[in-house]
Amino acid sequence: MSKNLSALSFRKGVEKNVFERMVDAAEKHGTAEKNDLVRQMGQDHLFGDAITLGAVSFYDFLKKENEGKKVFVCNGSACLCAGTQDKLHHTLEGHFAKEEIGHICCLGRCHEGAALQYQGIVSHLQPAILTAKFEGIEDYYAPFKKLITEGTRDALATELKDSGLRGRGGAGFPLSIKWAGCRAAEGAVKYVVCNADEGDPGAYIDKYLMEKQPHSVLLGMMVAGWFAGAETGVLYIRAEYPDSVTIVNQAIADLHAAGLLGQNILGTGFNFVLKTIKGAGAYICGEETALLASIEGLRPEVRTRPPFPVNEGLYRKPTIVNNVETFANLRAILTLGGKGYAQIGTPQSTGPKLLSLDSHFVKPGIYEVAMGTPLQTVIDLAGGFKSKIKAIQIGGPLGGLIPMSHIAQLTVDFESFKKAGFLLGHAGVVSIPESMPMIEYIQHLFQFTADESCGKCFPCRLGSTRGKELIAKARGDTTFKIDRELLTDLLDTMEQTSLCALGGGVPLPIKNAIQHFEAELSGYFNA
């Protein structure tokens, strides 16, 4: 059934995709969840009403519950730990009716706290960042021009393999293997998709790159298109980053003006166009197959794998899907060569890595270090913490929860974190102050997963809800104690049987908390 729907969506293509119509309808009418709108969109794409309604009712910015909301308050982990949102909410109640105030996660203002979005504008303070000087399109794209006019795909394949670049979205999968798979896949139509749905609270790396260095991302996508034989690239940018959409669209327009996008680029026979699609508020779209379903106008549910996107991706066509930071590494490989790039970092985790630090640091912001750099060095670069911190979570709500006593043994690379029982992930850093009860943070993690689950698999949908209820009862009833075996079984079931990393990943930080904060949490458990 889902393959048939993908084929129907393919008939309209990326330029006339139904998802954008859903977003436009919500912007005009307050919600896309109106019978006449749902029916018309379904008929135009030969979808049934239930299919279209199932999609629009899922997204925060499309569903009826948020109709009439005028201001959205961030409820992400970084703002929670900053302790700013209760006061912010109280202040907003002096200007808006309670029913006009909604919640959103996350706005990428993790370096400041007190984040909100009003009329499409996000609260804004400039974080500490190291902005690379842009050389201008002609100079910046010189390596790309040389590649498509003088290079060969086989030679690039060798450079990609030599570079050892691993995906920066969290999984750390070797880029050369993914790209080679798409290149070898049969099919006249292929796609390149940039997963810019950076939803991890605490992470704003992609936001920084799209708004400060957009051409680093676009160049990487163009290289991918040339290598794999794709003619269309799509950047799926979360709605919570409105400035990113505007800036990337301008950069794309500049590339068209420079003759670097369109038909027969530089007379090489290479055709390639880039398009942005604005999301509608769904954390699960950070999972690549849910993102692809979203573009197709379907409910953003995770697909079973195999087949993998390199064989059956967007519209079930071969597709390269990488995140923003991954694509941004391609220019360095073109200029340094694969082996030169691999000299940065460690043998297993090559190249540089960006980290985003939250408002608890003396100098919060974006930091770039070579893979393998001691984690303590990053903390020192940021001037340490403003107040006492008992743990940091790296990699979003699915990332490991690291007690301060373990910082010294970690280096910024995939292997170090995995060996210690944590996860580097996307490398957004959220600091948990000593004043925050760890049991409250655990409940927050369960709540987040329950709210953001796509609902397709039972372990994630039910497990996160039962976990949230269990923790809430223990916090609210001093006579109730959590059964350790029951909670362990719940976490193991979620970890081992969930369809994707949302349900499968959240047990890690909760297990970390139980292991490393035993003394603090013991009162909530039976003996």
Would you verify whether the NZ or CZ of R183 falls within 45 degrees of the ring axis of F227 while also being under 6.0 Å from that six-membered ring's centre? yes
Spacing of CD1 belonging to I277 relative to OH belonging to Y236, to within rounding of 0.5 Å: 8.0 Å
Tell me if the centroids of the rings in F448 and Y283 come within less than 6.0 Å of each other. yes
We want to know whether E33 and S57 form a side-chain donor-acceptor pair, criterion being a heavy-atom distance below 3.5 angstrom. no
Between E67 and K34, is the salt bridge (Lys or Arg N to Asp or Glu O under 4.0 Å) condition met? List the steps. CA-CA 11 Å; E67 184 179 9; K34 294 182 183 291; 3.4 Å; yes
What heavy-atom pair brings K69 and I101 nearest, and what distance separates the two atoms? NZ-O, 3.6 Å
Side-chain contact, heavy-atom cut-off 4.5 Å: I237 with D197? no
Report yes if the distance between the aromatic ring centroids of Y241 and Y204 is under 6.0 Å, otherwise no. no
Is it the case that over 12 heavy atoms from other parts of the model lie below 6.0 angstrom from the CZ atom of F458? no
Heavy-atom pair with the smallest gap, counting every atom of V310 and G181: CB-C, 4.1 Å
S453 and R461: side-chain hydrogen bond (donor to acceptor under 3.5 Å, both in side chains), yes or no, with the steps? CA-CA 6 Å; S453 174; R461 185 178 79 225; over 6 Å; no
Taking the cut-offs as 6.0 angstrom to the six-membered ring centre and 45 degrees off its axis, would you call K63 and F58 a cation-pi pair? no
List the steps and the verdict of side-chain hydrogen bond (donor to acceptor under 3.5 Å, both in side chains) for D243 and T246. CA-CA 5 Å; D243 293 340; T246 300; 5.5 Å; no
For L398 and V506, which heavy atoms make the closest approach, and how far apart are they? CD2-N, 3.7 Å
E325 versus L354: any side-chain heavy-atom pair under 4.5 Å? yes
Would you say the ring centers of F72 and F61 fall short of 6.0 Å from each other? yes
Check this for me: does any side-chain nitrogen of one of E415 and R166 sit under 4.0 Å from a carboxylate oxygen of the other? yes
Here the pair of heavy atoms bringing T31 nearest to L37 is O-CD1, 3.9 Å
Pairing of R21 and D44 as salt bridge, 4.0 angstrom limit: yes
For the rings on Y141 and H215, is their centre-to-centre separation under 6.0 Å? yes
Do Q85 and L80 come within less than 4.5 Å of each other through their side chains, counting heavy atoms only? no
For the pair R305 and E288, evaluate salt bridge (Lys or Arg N to Asp or Glu O under 4.0 Å) and give the outcome as yes or no after the intermediate values. CA-CA 11 Å; R305 288 168 290 186; E288 61 182 7; 3.1 Å; yes
Show the numbers, then the answer: is there a ring-ring contact (aromatic ring centres under 6.0 Å, His included) between F19 and Y59? CA-CA 11 Å; F19 178 67; Y59 298 93; 5.2 Å; yes
Keeping D358 on the side-chain end and S431 on the backbone end, is there a donor-acceptor pair under 3.5 Å? yes
For the residue pair P459 and M494, what are the closest heavy atoms and their distance? O-CG, 3.4 Å
Quick check: do R299 and C454 have side-chain heavy atoms less than 4.5 Å from each other? no
Pair K70 + E100, salt bridge at N-O below 4.0 Å: yes
Roughly how far, to the nearest 0.5 Å, is CG of L499 from OG1 of T289? 7.0 Å
So does K278 pair up with E20, basic N to acidic O under 4.0 Å? no
So L53 and D49, side chain to side chain contact (heavy atoms under 4.5 Å, CB included) or not? Walk me through it. CA-CA 6 Å; L53 180 59; D49 291 356; 5.8 Å; no
Nearest atoms (heavy-atom pairs only) where V430 meets P201: CG2-O, 3.7 Å
Pair S244-E211, side-chain hydrogen bond (donor to acceptor under 3.5 Å, both in side chains): steps then yes or no: CA-CA 5 Å; S244 296; E211 295 177 12; 2.8 Å; yes
Please say whether the positively charged group of R331, taken as NZ for Lys or CZ for Arg, lies over the ring of Y140, i.e. under 6.0 angstrom from the six-membered ring centre and within 45 degrees of the axis. yes
Gap between atom CG of L107 and atom NZ of K207 - 0.5 Å precision: 8.0 Å
Any side-chain heavy-atom pair from I295 and L314 closer than 4.5 angstrom? yes
Do T326 and R168 have side-chain atoms, one donor and one acceptor, less than 3.5 Å apart? no
So, the side chain of S216 versus the backbone of Q213: is there a donor-acceptor pair under 3.5 Å, distance only? yes
State whether the side chain of K190 and the backbone N or O of C182 hold a donor-acceptor pair below 3.5 Å, judged by distance alone. yes
Are E312 and K3 within salt-bridge range, i.e. N to O under 4.0 Å? yes
Value for CG (L255) from CG (L261), rounded to nearest 0.5 Å, stands at 4.5 Å
So do L330 and L165 actually touch side chain to side chain, heavy atoms under 4.5 Å? yes
Do side-chain atoms of S9 reach the backbone of E296 as a donor and acceptor pair under 3.5 angstrom? yes
How about H103 and H89: are their ring centres within less than 6.0 Å of each other? yes
Going by an N to O cut-off under 4.0 Å, is there a salt bridge joining E240 and R109? no
Please assess I104 against N75 for the test side chain to side chain contact (heavy atoms under 4.5 Å, CB included), listing each intermediate value before the final yes or no. CA-CA 6 Å; I104 193 171; N75 61 357; 5.8 Å; no
Rounded to the nearest 0.5 Å, the CZ atom of F144 sits from the CD1 atom of I137 at a distance of 12.0 Å
For L292 and Y191: C-alpha separation, side-chain torsions, deciding distance, then whether side chain to side chain contact (heavy atoms under 4.5 Å, CB included) applies. CA-CA 11 Å; L292 297 174; Y191 294 97; over 6 Å; no
Candidate pair S77 and H444, rule side-chain hydrogen bond (donor to acceptor under 3.5 Å, both in side chains), full reasoning: CA-CA 8 Å; S77 307; H444 165 72; 2.7 Å; yes
Please walk me through it: do M222 and L260 pass side chain to side chain contact (heavy atoms under 4.5 Å, CB included)? CA-CA 9 Å; M222 293 159 69; L260 291 175; 4.2 Å; yes
Under a 4.5 Å cut-off applied to non-hydrogen side-chain atoms, are C194 and V217 in contact? yes
Separation between CG of D200 and CG of D206, rounded to the nearest 0.5 Å: 9.5 Å
Is V324 close to M210 at the side-chain level, that is, under 4.5 Å between some pair of heavy atoms? yes
Would you find more than 12 non-hydrogen atoms of other residues, nucleotides or ligands less than 6.0 Å from K456 atom NZ? yes
Would you call the rings of F327 and W179 parallel, tilted or perpendicular, where under 30° means parallel and over 60° means perpendicular? tilted
